[in-house]
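Here is the structure we will look at, set down as structure tokens.
By convention here, the first residue in the shown sequence is residue 1.
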Amino acid sequence: MAVTDPLQLIAGGLATVATSELFEWLKAYVGREAVERIVIGEPRQMNGQPSENMARVQQFVNRWRKAFPAIPIELYDERFTSVLAHQAMLDGGLRKKARQNKALVDEISATIILEDYMRSRR
């Protein structure tokens with residue numbers, strides 16, 4: 001998970017949430033924080049076609065839209081974000097053990113997705 005400041009200038013990591021807990025976690029989060037929209041990674045293959053995970057993501061998106069129609073949810077291409085996250089970890093001098101932490105990689109990837117999304121809207 002990643003969030004941005006109210007002016008939408010800077011994205012930062014927030015948390016790593018298990019997929020099975022994501023809907024309830026987000027439901028609680030939007031209950032206590034002002035959320036303009038949700039941006040979720042769109043899993044695609046290198047050729048641009050949807051990956052096998054897309055069906056699960058689409059189910060989540062449909063569930064969200066039904067439960068929270070006032071909070072838009074948008075898909076944004078997530079290709080290469082794990083690679084970029086690992087590179088950022090290397091550039092940051094993190095040790096091998098830290099770079100193997102999937103939760104940290106996911107949080108950095110979420111931050112990259114949100115940064116790219118915000119940049120695309122400017």
Side-chain angles (χ1 to χ4, degrees):
M1 303 294 298
V3 295
T4 185
D5 61 291
L7 296 176
Q8 299 182 8
L9 299 174
I10 301 169
L14 178 64
T16 301
V17 181
T19 303
S20 61
E21 301 168 9
L22 182 58
F23 189 87
E24 291 302 318
W25 191 94
L26 277 174
K27 181 178 164 182
Y29 186 80
V30 301
R32 67 179 183 273
E33 299 289 340
V35 174
E36 178 183 312
R37 78 185 58 246
I38 305 287
V39 177
I40 188 168
E42 181 177 27
R44 295 205 164 267
Q45 298 176 38
M46 296 300 289
N47 65 4
Q49 294 298 312
S51 77
E52 63 187 46
N53 286 328
M54 187 59 189
R56 287 188 288 275
V57 170
Q58 195 59 57
Q59 285 177 336
F60 180 88
V61 168
N62 293 342
R63 182 178 177 200
W64 183 267
R65 286 179 176 154
K66 184 176 180 182
F68 298 95
I71 303 174
I73 186 166
E74 295 186 37
L75 295 167
Y76 193 79
D77 191 346
E78 69 177 22
R79 285 179 289 179
F80 306 112
T81 55
S82 292
V83 172
L84 293 170
H86 277 101
Q87 187 60 51
M89 294 169 89
L90 277 170
D91 293 347
L94 290 178
R95 297 179 187 265
K96 183 177 182 178
K97 186 168 181 144
R99 293 191 313 264
Q100 293 172 336
N101 179 345
K102 183 173 177 353
L104 181 57
V105 173
D106 288 348
E107 190 173 318
I108 294 170
S109 294
T111 304
I112 292 168
I113 291 168
L114 184 55
E115 286 176 344
D116 285 351
Y117 173 82
M118 291 186 318
R119 192 175 305 117
S120 75
R121 291 181 46 129
R122 289 185 191 130

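Placement of Trp64 and Val39 in two distinct hydrophobic clusters is found when ILVMFWY residues are connected by side-chain heavy-atom separations under 4.5 Å, directly or transitively. Note: the hydrophobic cluster containing Val35 does not contain Leu114 (ILVMFWY, side chain heavy atoms under 4.5 Å, direct or indirect links). Grouping the Ile, Leu, Val, Met, Phe, Trp and Tyr side chains by contacts below 4.5 angstrom, directly or via other members, places Trp25 with Val30. A continuous path of Ile, Leu, Val, Met, Phe, Trp and Tyr side chains, each step under 4.5 Å between heavy atoms, connects Val3 with Ile40, placing both in one hydrophobic cluster.
The neighbour count for Ile10 CD1, taken as heavy atoms of other residues, nucleotides or ligands under 6.0 Å away, does not exceed 12. For CZ of Arg32, the number of neighbouring non-hydrogen atoms (other residues, nucleotides, ligands) closer than 6.0 Å is greater than 12. The environment of Glu33 atom CD is dense: over 12 non-hydrogen atoms of other residues, nucleotides or ligands sit within 6.0 angstrom.
Residues meeting the salt bridge (Lys or Arg N to Asp or Glu O under 4.0 Å) test with Arg37, sequence neighbours left out: Glu74. For the ring pair (Phe, Tyr, Trp, His ring centres under 6.0 Å) test, residues two or more places apart in sequence or in another chain that qualify with Tyr76 are Tyr117.
Two residues are said to be in side-chain contact when any heavy atoms from C-beta on lie closer than 4.5 Å; Asp77 and Ile113 fail this criterion. At a threshold of 4.5 Å between non-hydrogen side-chain atoms, the residues Thr16 and Met1 do not count as touching. Side-chain contact between Ser51 and Arg44 is absent, with no heavy-atom pair separated by less than 4.5 Å. Looking only at side-chain heavy atoms (C-beta outward), Met89 and Val105 come within less than 4.5 Å of each other. In this structure, the side chains of Pro50 and Gln45 stay at 4.5 Å or more apart for every pair of heavy atoms.
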**OP:** Show your reasoning for whether side-chain contact (heavy atoms from CB on, under 4.5 Å) applies to Val83 and Gln87.
**Re:** CA-CA 6 Å; Val83 172; Gln87 187 60 51; 5.7 Å; no
**OP:** Could you please spell out the steps behind the side-chain contact (heavy atoms from CB on, under 4.5 Å) verdict for Glu42 and Val57?
**Re:** CA-CA 8 Å; Glu42 181 177 27; Val57 170; over 6 Å; no
**OP:** Please assess Ile38 against Tyr29 for the test side-chain contact (heavy atoms from CB on, under 4.5 Å), listing each intermediate value before the final yes or no.
**Re:** CA-CA 11 Å; Ile38 305 287; Tyr29 186 80; over 6 Å; no
**OP:** Would you check, one step at a time, whether the test side-chain contact (heavy atoms from CB on, under 4.5 Å) holds for Met46 with Phe80?
**Re:** CA-CA 9 Å; Met46 296 300 289; Phe80 306 112; 3.3 Å; yes
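Expressed to the nearest 0.5 Å, how far NE2 of His86 lies from CG of Leu104 amounts to 9.0 Å. Atoms CD1 and OG, from Ile108 and Ser82 in turn, are 10.0 Å apart once rounded to the nearest 0.5 Å. Atom CG in Leu84 sits 10.0 Å away from atom CD in Glu115 (nearest 0.5 Å). Here the straight-line distance linking atom CZ of Arg63 with atom CG of Leu26 works out to 10.5 Å at 0.5 Å rounding. In this structure, Met118 CE and Leu7 CG are separated by 10.5 Å, a value rounded to the nearest 0.5 Å.
The heavy-atom pair separating Gly41 from Glu78 by the smallest distance is CA-OE1, 3.3 Å. Across all non-hydrogen atoms, the minimal contact from Gly13 to Thr111 is N-OG1, 3.3 Å. The nearest pair of heavy atoms linking Ser109 to Ala85 is OG-CB, 3.6 Å. Nearest heavy-atom pair across Leu9 and Thr4 is N-OG1, 3.8 Å.
Between the side chains of Glu36 and Gln8, at least one donor N or O lies within less than 3.5 Å of an accepting N or O.
Aromatic ring pairs are classed by plane angle as parallel below 30°, tilted from 30° to 60° and perpendicular above 60°; the pair Phe68 and Phe23 is tilted.
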